[in-house]
Amino acid sequence: MEVYPIFLPLAGCPYRCIYCDQYAITGETEYSIDKHLDEISDFCKFNKTSYKEIAFFGGTFTAFSIAWQEEQFSKLKPFINDLTKIRYSTRPDCLDQEDIDLGKKYGLQTIELGIQDFTDEVLLKTRRGYDSNTAIEACKLVSDNSLDLGIQIMPGLPAYSETTLKETITQVIRLKPKYVRIYPTVVLKNTKLETLYNNGDYSPLSLEDAIKICAETSQEFEKQDIKVIKVGVQVDSHFKENIIAGPYHPAFGELVKSYIFVKKIVNALANGLNDHLYISKYDTSLLLGHGGYGKKLLQQSINSEYIKLNIDNNLEKGYFKV
């Protein structure tokens with residue numbers, strides 16, 4: 001699926017959560033759908049035969065008035081058809097049946113909810129402004145209207161623990177979204193979380209812990225046929241400049257994939273690893289990329305400093321033999 005993104009930095013959002021600075025994330029401060037229309041037209045023409053969505057990200061789309069929402073939809077109406085639909089992101093406490101009825105009238109197909117966590121303790125500490133029941137009911141509302149549900153979660157927020165993560169994973173699996181995004185928490189400039197961090201009242205996840213948590217969480221979802229479409233926030237130079245602390249890496253998602261691949265190799269070994277490991281040519285970056293992260297992790301996992309990697313051109317992506 002192809003997606004054309006339109007960003008609404010902080011627009012419409014009724015709260016300022018302690019971790020959030022949408023300008024730092026998107027690099028944008030102003031919004032106008034009119035400036036996107038020519039590009040949307042080109043996007044639709046280029047992807048004429050493919051399923052695609054025009055997506056409103058950032059901010060809180062449904063916190064705007066119904067009249068404002070309809071104005072945005074009406075300008076997209078010429079592009080909407082069986083292969084072109086609308087998606088938007090919003091908060092679970094800013095969504096009701098009226099919003100959904102309007103959206104469906106104009107081709108709304110997907111609603112992505114920034115849940116972040118399904119436990120009251122974390123939601124309270126992060127000043128999200130709603131409780132877990134509100135989050136659950138909003139997810140059910142989307143699904144009950146036969147729309148595709150997306151859920152965003154953020155491991156590592158204040159009050160996060162293994163227990164809160166387990167509860168969040170359990171709730172996501174119960175709600176059966178079409179997809180999930182996993183964003184490990186980083187500390188951004190000009191946020192309340194920065195103040196907590198500087199005062200010693202908040203400790204972010206380490207990079208290694210975040211990789212492990214996101215990898216294992218991704219596998220839990222994938223086992224339930226819930227697709228993980230993104231791990232780690234979108235990184236550009238502007239975003240990087242605003243990071244104070246936390247598990248930042250420009251290729252975080254690739255490190256997570258490496259972790260998962262290595263653990264599959266380790267779990268497949270019954271009697272230890274011999275001197276040779278055969279992998280697909282398509283997977284070499286998972287072991288050798290980013291300073292050999294995957295290979296080093298494998299060596300640590302099997303307590304061996306020597307591994308001879310071999311490329312087997314007959315192996316498909318994701319497969320290996322020892």
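Values reported hereafter were calculated over all heavy atoms of this structure, with side chains retained and with hydrogens, waters and symmetry mates removed.
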Who passes ring pair (Phe, Tyr, Trp, His ring centres under 6.0 Å) against [X], sequence neighbours left out?
X      : value
Phe56  : Phe61
Tyr4   : His36, Phe43
Tyr106 : Phe73
Tyr259 : none

Is it true that [Y] and [X] share a donor-acceptor pair across their side chains at a distance under 3.5 Å?
X      : Y      : result
Thr90  : Thr62  : yes
Gln72  : Tyr31  : yes
Thr134 : Asp93  : no
Tyr179 : Glu112 : yes

### With Lys192 via salt bridge (Lys or Arg N to Asp or Glu O under 4.0 Å) - residues at least two apart
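Applying salt bridge (Lys or Arg N to Asp or Glu O under 4.0 Å) to Lys192 gives none.
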
### Side-chain cluster (under 4.5 Å, hydrophobic types only) that Leu315 belongs to, other residues
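Besides Leu315, the hydrophobic cluster comprises Tyr278, Tyr319, listed by chain and residue number.
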
### Query
Is Leu175 reachable from Ile229 through a run of hydrophobic residues whose side-chain heavy atoms are each under 4.5 Å from the next?
no

With a 4.5 Å heavy-atom cut-off, do [X] and [Y] have their side chains touching?
X      : Y      : value
Asn199 : Thr195 : yes
Phe118 : Ile151 : yes
Phe221 : Ile173 : yes
Tyr51  : Gln109 : yes

Mind jotting down which residue pairs meet the salt bridge (Lys or Arg N to Asp or Glu O under 4.0 Å) criterion with at least one end in [range]? Sequence neighbours excluded, please.
range            : answer
residues 157-179 : Asp148-Lys178
residues 67-80   : Asp34-Lys75, Glu70-Lys105, Glu71-Lys75
residues 283-303 : Asp283-Lys317
residues 48-62   : Glu53-Arg87

Roughly how far, to the nearest 0.5 Å, is the [atom2] atom of [Y] from the [atom1] atom of [X]?
X      : Y      : atom1 : atom2 : result
Leu309 : Leu277 : CG    : CG    : 5.5 Å
Asp117 : Leu165 : CG    : CG    : 8.0 Å
Lys257 : Ser285 : NZ    : OG    : 8.5 Å

### Message
List the residues meeting side-chain hydrogen bond (donor to acceptor under 3.5 Å, both in side chains) with Asn145, not counting sequence neighbours, and say none if there are none.
### Response
Gln97

### Task
Could I get the full list of side-chain hydrogen bond (donor to acceptor under 3.5 Å, both in side chains) partners for Asp82, not counting sequence neighbours?
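Here no residue qualifies.
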
### Task
Can you spot which of Val122, Ile18, Thr164 makes a side-chain contact (heavy atoms from CB on, under 4.5 Å) with Leu157?
Val122

### Task
Please state whether the rings of Phe57 and Phe7 are parallel, tilted or perpendicular, taking 30° and 60° as the class boundaries.
tilted

